There are 2 protein chains.
Amino acid sequence: MSHACDHHDHNHAPAPVNTAARLAEAQTLCAEAGERMTTSRLRTYELILEASAPVKAYDVIDRFHPDGAAKPPTVYRALSFLEHMGLIHRIESLNAFVACGASDHSTGSHHTAGFLLCDCCGQSVEIALPALGAVDSRAAEAGFKVKRITLEARGLCQACRQDD
Amino acid sequence: MSHACDHHDHNHAPAPVNTAARLAEAQTLCAEAGERMTTSRLRTYELILEASAPVKAYDVIDRFHPDGAAKPPTVYRALSFLEHMGLIHRIESLNAFVACGASDHSTGSHHTAGFLLCDCCGQSVEIALPALGAVDSRAAEAGFKVKRITLEARGLCQACRQDD
DNA sequence: ATCGATATGTAATATTGTAACGATCGTCAA
DNA sequence: TTGACGATCGTTACAATATTACATATCGAT
Ligand SMILES: [Zn+2]
Ligand SMILES: [Zn+2]
Ligand SMILES: [Zn+2]
Ligand SMILES: [Zn+2]
């Protein structure tokens, strides 16, 4: 995963997540939902949590085992599961995945969220999506039933603006 | 390009565009911008205009010549050009491309737009994106400089809701 | 005519994602 | 316990999407 510039460092990482705690929460969440948090799924989630930016599926595949890669279906299945559980989000404009940053997954289902994606350092920030009036009203006008919304804002994060 | 259902027909096509007129407009636009509307670019744009829904790059590649396909770089280059000119948009969640539906391309540069994308018939509707207050304010808060926004609402169009 | 910038042709390869099918695991009821 | 069933997994192969690299051609301006 390389990014747009190499003229400044990208050490402005976000506060690291407490991976162990998040993994435990995920296990609880699945148990409550009657779903099975298997080792493949947990390992996939772990690799996404550890990353400081959205992760490509093949990065997960490559890092899955200490020695040697996983098979693609193993990881793609886990990614689908985690996305359905609302634990991760797919970033369409990057073909990548990021852990959900919402504090509470107790709804059990995937919420829609927006993302600020830095083109320079690659970091992503999840933002809540309150009602998007403009979209809702335009959809209503067209008789269109919205099921889910992808909103991705590409640009430069504060750190990358400053030292550019 | 197949879609989600086969239990009702998908004959509710949008009003067809006047392809010839749009091609001519595009030529004018490029001339004014000092860009070259070459035959590859024009052919690519034509194929996208003719489609009634977002088109995959490889559909363009396959249909490019009356006999035999184009080479991928030919088409991907043309797609990049057309996107930069604001004549087409890439739909990230579909890996596909659609002609810009804005009436006026005279700004010369690509505007941001939103899309209503029917999961059933595959049709897309481009919607204007007025300021997205929620996103702008959250970006400002984070010191994030937004350069462009992808907004794609997936769901069911009116026709597909009715006969489902 | 020549030059530099832009655009194209071509082959190869990289990246991303699925289909298919049998084996295994977990759960529950007979 | 045992068998049945659905969910999950392992494995192979392949499909779909996209880019790199480099040679060639074209355009427009000296
Ligand atoms: Zn989230
Ligand atoms: Zn950044
Ligand atoms: Zn548009
Ligand atoms: Zn529809």
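Note that the structure is predicted; figures quoted are calculated from it, not measured. Chain letters run A, B, ... following the sequence lines, proteins first and then strands; every chain starts at 1.
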Ring-plane angle category for A:Phe115 and A:His89, please: parallel below 30°, perpendicular beyond 60°, tilted otherwise.
perpendicular
Could you tell me whether B:Arg90 contacts a base, only the sugar-phosphate backbone, or nothing, with contacts defined as non-hydrogen atoms closer than 4.0 Å?
sugar-phosphate
N/O contacts under 3.5 Å, protein versus nucleotides 20-27 of chain D?
| unit_1 | atom_1 | unit_2 | atom_2 | d |
| --- | --- | --- | --- | --- |
| D:dA21 | N6 | B:Arg77 | NH2 | 3.4 |
| D:dC27 | O4' | B:Arg36 | NH2 | 3.4 |

What is the distance from CE of B:Met37 to C1' of C:dA7, rounded to the nearest Å?
14 Å
Within this structure, what is the CZ-to-C1' distance between A:Phe64 and D:dG10, rounded to whole angstrom?
12 Å
B:Arg77 side chain near B:Thr38 side chain, heavy-atom distance below 4.5 Å
no
Flag side-chain contact, heavy atom, 4.5 Å: B:Arg41 against B:Gln27:
no
Lys/Arg-Asp/Glu bridge criterion (N-O < 4.0 Å) met for A:Arg154, A:Glu152
no
Short N-O contact, B:Asp119 and A:Arg148, less than 4.0 angstrom:
yes
Side chain of [X] - closest among [options]:
{"X": "B:Tyr76", "options": "D:dC9, D:dT11, D:dA18", "answer": "D:dA18"}
{"X": "A:Asn95", "options": "C:dT16, C:dA7, D:dT11", "answer": "C:dT16"}
{"X": "A:Arg41", "options": "D:dT8, D:dT11, D:dG10", "answer": "D:dT8"}

Toss me the dot-bracket line for DNA chain D: Watson-Crick and G-U wobble, both under 3.5 Å, 5' to 3', using | for pairs to another strand and [ ] for crossers.
||||||||||||||||||||||||||||||
On DNA chain D, does the nearest nucleotide to A:Glu35 precede the nearest nucleotide to B:Pro72 from the 5' side, or the other way round? Give the residue.
A:Glu35
With 3.5 Å as the limit, what N/O pairs link the protein to nucleotides 14-16 of chain D?
none

Is it the case that one hydrophobic cluster holds both A:Ile91 and A:Val60, taking links as side-chain heavy atoms less than 4.5 Å apart, direct or via other members?
no
